[in-house]
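Just below is one structure, and these are the notes that go with it.
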Amino acid sequence: MNEKKVILFIVEGPSDEAALGTIMEEYFNNEDIKFLVVHGDITIKNFITKDNAIIKINEQVEKKLEELEKKYNYSKTDYVKIIHLIDTDGTYIPDDKVIQKEIMQEEGEDNNKSKSKVLYYEDHIEAENVRWIRKRNAKKADVLFKLRTTKKINGIQYCVYYNSCNLEHVLYKELKDFTDDEKLEMSDDFAEKYEGKVEEFIKFISDKSVAVEGSYKETWEYIEKDLNSLNRHSNMNLIFEGE
């Protein structure tokens with residue numbers, strides 16, 4: 001039996017782990033911290049529906065648990081918590097706040113990531129395919145409701161926390177289309193900034209300019225209203241308050 005218990009974080013990308021890994025390891029210094037990187041927004045994957053969301057996420061968890069068992073000899077009883085971090089991506093805004101994006105492609109230019117098909121603002125979303133974004137939002141909202149009302153996955157305590165509109169918006173106060181390389185560079189800088197200063201990070205993420213007040217349920221009810229899922233909010237502070 002392992003001396004330390006294990007907390008498994010589920011995150012969208014490597015930059016999330018890079019930004020928060022050291023902080024979580026320092027705060028939860030009596031536990032082993034491991035990350036499951038799902039490489040994208042698992043809530044909108046084609047194979048995910050509101051009805052099978054828990055099953056499909058558990059499949060990802062099972063694979064990770066098998067990997068960690070081989071590497072560290074963990075058993076299922078070693079896991080005390082699964083913490084899932086997601087971006088809201090404006091999921092809950094009214095359909096009329098998703099508007100048509102003008103396509104301004106100059107001849108000879110590459111259609112690269114800087115010319116994103118979706119642009120996020122704090123009061124609307126611009127998209128090349130408005131219908132798809134509206135459909136995506138409806139699906140993601142249904143899946144997230146299923147997740148936020150689920151207390152255990154694979155018999156392990158489970159909670160899902162959000163960053164709005166995304167992690168970069170919350171951590172760096174910028175709402176723009178960053179490349180993966182930019183995200184990793186910013187994440188490394190952020191981790192370095194708070195290395196050995198976990199209390200400063202908790203103060204940052206708990207500040208009223210970012211943190212949504214209330215219980216776990218209340219913070220989710222808040223983010224589901226109006227344009228809140230585009231504004232700069234997070235309930236990650238609850239991680240450090242034991243909720």
Side-chain angles (χ1 to χ4, degrees), residues 1-39 41-43 48 52-88 143-163 167 170-171 187 190-191 194-206 211-212 214-220 223 234-243:
M1 181 177 291
N2 291 285
E3 291 183 7
K4 287 188 174 183
K5 295 299 183 179
V6 186
I7 297 175
L8 181 66
F9 280 81
I10 303 176
V11 295
E12 292 188 2
S15 61
D16 301 336
E17 179 179 1
L20 300 172
T22 302
I23 292 167
M24 297 305 175
E25 287 172 359
E26 182 179 346
Y27 182 78
F28 294 106
N29 55 32
N30 290 322
E31 287 84 21
D32 282 339
I33 303 301
K34 301 300 175 187
F35 279 81
L36 164 57
V37 180
V38 294
H39 299 286
D41 186 348
I42 197 170
T43 66
I48 291 278
N52 73 6
I54 303 304
I55 293 171
K56 292 300 181 180
I57 289 177
N58 186 46
E59 288 175 359
Q60 302 271 334
V61 169
E62 284 279 10
K63 288 179 183 177
K64 189 66 180 180
L65 264 55
E66 290 175 8
E67 174 190 322
L68 293 173
E69 181 182 0
K70 291 177 182 178
K71 192 171 184 178
Y72 300 103
N73 199 32
Y74 291 147
S75 66
K76 188 176 174 181
T77 56
D78 290 323
Y79 293 86
V80 291
K81 191 180 299 184
I82 297 172
I83 295 176
H84 192 170
L85 303 181
I86 63 97
D87 297 339
T88 61
V143 171
L144 285 177
F145 183 80
K146 182 69 174 180
L147 297 185
R148 78 168 180 84
T149 54
T150 295
K151 295 183 178 180
K152 287 189 176 183
I153 290 183
N154 208 315
I156 305 167
Q157 180 186 338
Y158 170 87
C159 285
V160 56
Y161 301 92
Y162 59 77
N163 291 295
L167 182 67
V170 169
L171 298 189
S187 296
F190 189 85
Y194 286 102
E195 185 175 2
K197 301 174 183 177
V198 68
E199 293 302 325
E200 286 189 23
F201 172 77
I202 294 173
K203 184 178 179 181
F204 164 79
I205 206 66
S206 303
V212 177
S215 66
Y216 180 76
K217 181 174 181 287
E218 289 168 340
T219 60
W220 272 102
I223 209 67
S234 179
N235 66 349
M236 278 204 305
N237 58 297
L238 296 179
I239 295 172
F240 308 103
E241 296 175 14
E243 282 214 43

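Since we're looking at a predicted model, the values are computed, not measured.
Side-chain contact annotation: D87 with N163, donor-acceptor N/O pair under 3.5 Å absent. A donor atom on one side chain and an acceptor atom on the other are not found under 3.5 Å apart for H84 and Y161.
Nearest heavy-atom pair, S187 versus S15, reported as atom, atom and distance to 0.1 Å: OG-O, 2.8 Å. When all heavy atoms of A53 and V143 are compared, the closest pair comes out as CB-CG1, 3.9 Å. Closest heavy-atom contact between Y194 and I23: CB-CD1, 4.0 Å. Among all heavy-atom pairs drawn from I205 and S234, the shortest one is CD1-OG, 4.2 Å. L171 and F201 make their closest contact through CD2-CE1, 4.3 Å (heavy atoms, listed as atom of the first residue, atom of the second, distance).
R148 has its side chain within reach of Y216: a pair of non-hydrogen atoms, C-beta onward, lies under 4.5 Å apart.
Contacts of T219 classified as side-chain hydrogen bond (donor to acceptor under 3.5 Å, both in side chains), with partners at least two apart in sequence or in another chain: N235. Remark: N237 pairs with E241 by the side-chain hydrogen bond (donor to acceptor under 3.5 Å, both in side chains) rule, at least two apart or across chains. Applying the side-chain hydrogen bond (donor to acceptor under 3.5 Å, both in side chains) rule to D16 yields no partners; only residues at least two apart in sequence or on another chain are considered. With sequence neighbours excluded, the residues forming a side-chain hydrogen bond (donor to acceptor under 3.5 Å, both in side chains) with S75 are T77, D78, listed by chain and number.
One finds the SG atom of C159 at 11.5 Å from the NZ atom of K152 (value rounded to the nearest 0.5 Å). To the nearest 0.5 Å, atoms OG1 (T43) and NZ (K146) are separated by 15.0 Å.
Counting only residues at least two apart or in different chains, salt bridge (charged side-chain N to carboxylate O under 4.0 Å, His left out) contacts with residues 58-69 comprise K56-E59, K64-E67.
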Determine, step by step, whether I83 and I10 satisfy the side chain to side chain contact (heavy atoms under 4.5 Å, CB included) criterion, reporting the C-alpha distance in whole Å, the side-chain angles of both residues, the deciding distance to 0.1 Å, and the verdict.
CA-CA 6 Å; I83 295 176; I10 303 176; over 6 Å; no
Derivation and outcome, side chain to side chain contact (heavy atoms under 4.5 Å, CB included), residues L65 and L8
CA-CA 9 Å; L65 264 55; L8 181 66; 4.1 Å; yes
So I156 and V80, side chain to side chain contact (heavy atoms under 4.5 Å, CB included) or not? Walk me through it.
CA-CA 6 Å; I156 305 167; V80 291; over 6 Å; no
Enumerate, atom names and distances included, each donor-acceptor pair closer than 3.5 Å involving a side-chain atom of residues 26-36, sequence neighbours excluded.
unit_1: E26; atom_1: OE1; unit_2: G196; atom_2: N; d: 3.1
unit_1: Y27; atom_1: OH; unit_2: F240; atom_2: O; d: 3.3
unit_1: N29; atom_1: ND2; unit_2: E26; atom_2: O; d: 3.4
unit_1: D32; atom_1: OD2; unit_2: Y74; atom_2: OH; d: 3.0
unit_1: K34; atom_1: NZ; unit_2: Y72; atom_2: OH; d: 3.2

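Ring centers of W220 and Y162: under 6.0 Å apart, within the cut-off.
Environment of NZ in K203: sparse, with no more than 12 heavy atoms of neighbouring residues, nucleotides or ligands closer than 6.0 Å.
Of the options L85, I57, L147, a side chain to side chain contact (heavy atoms under 4.5 Å, CB included) to V160 is made by L147 and by none of the others.
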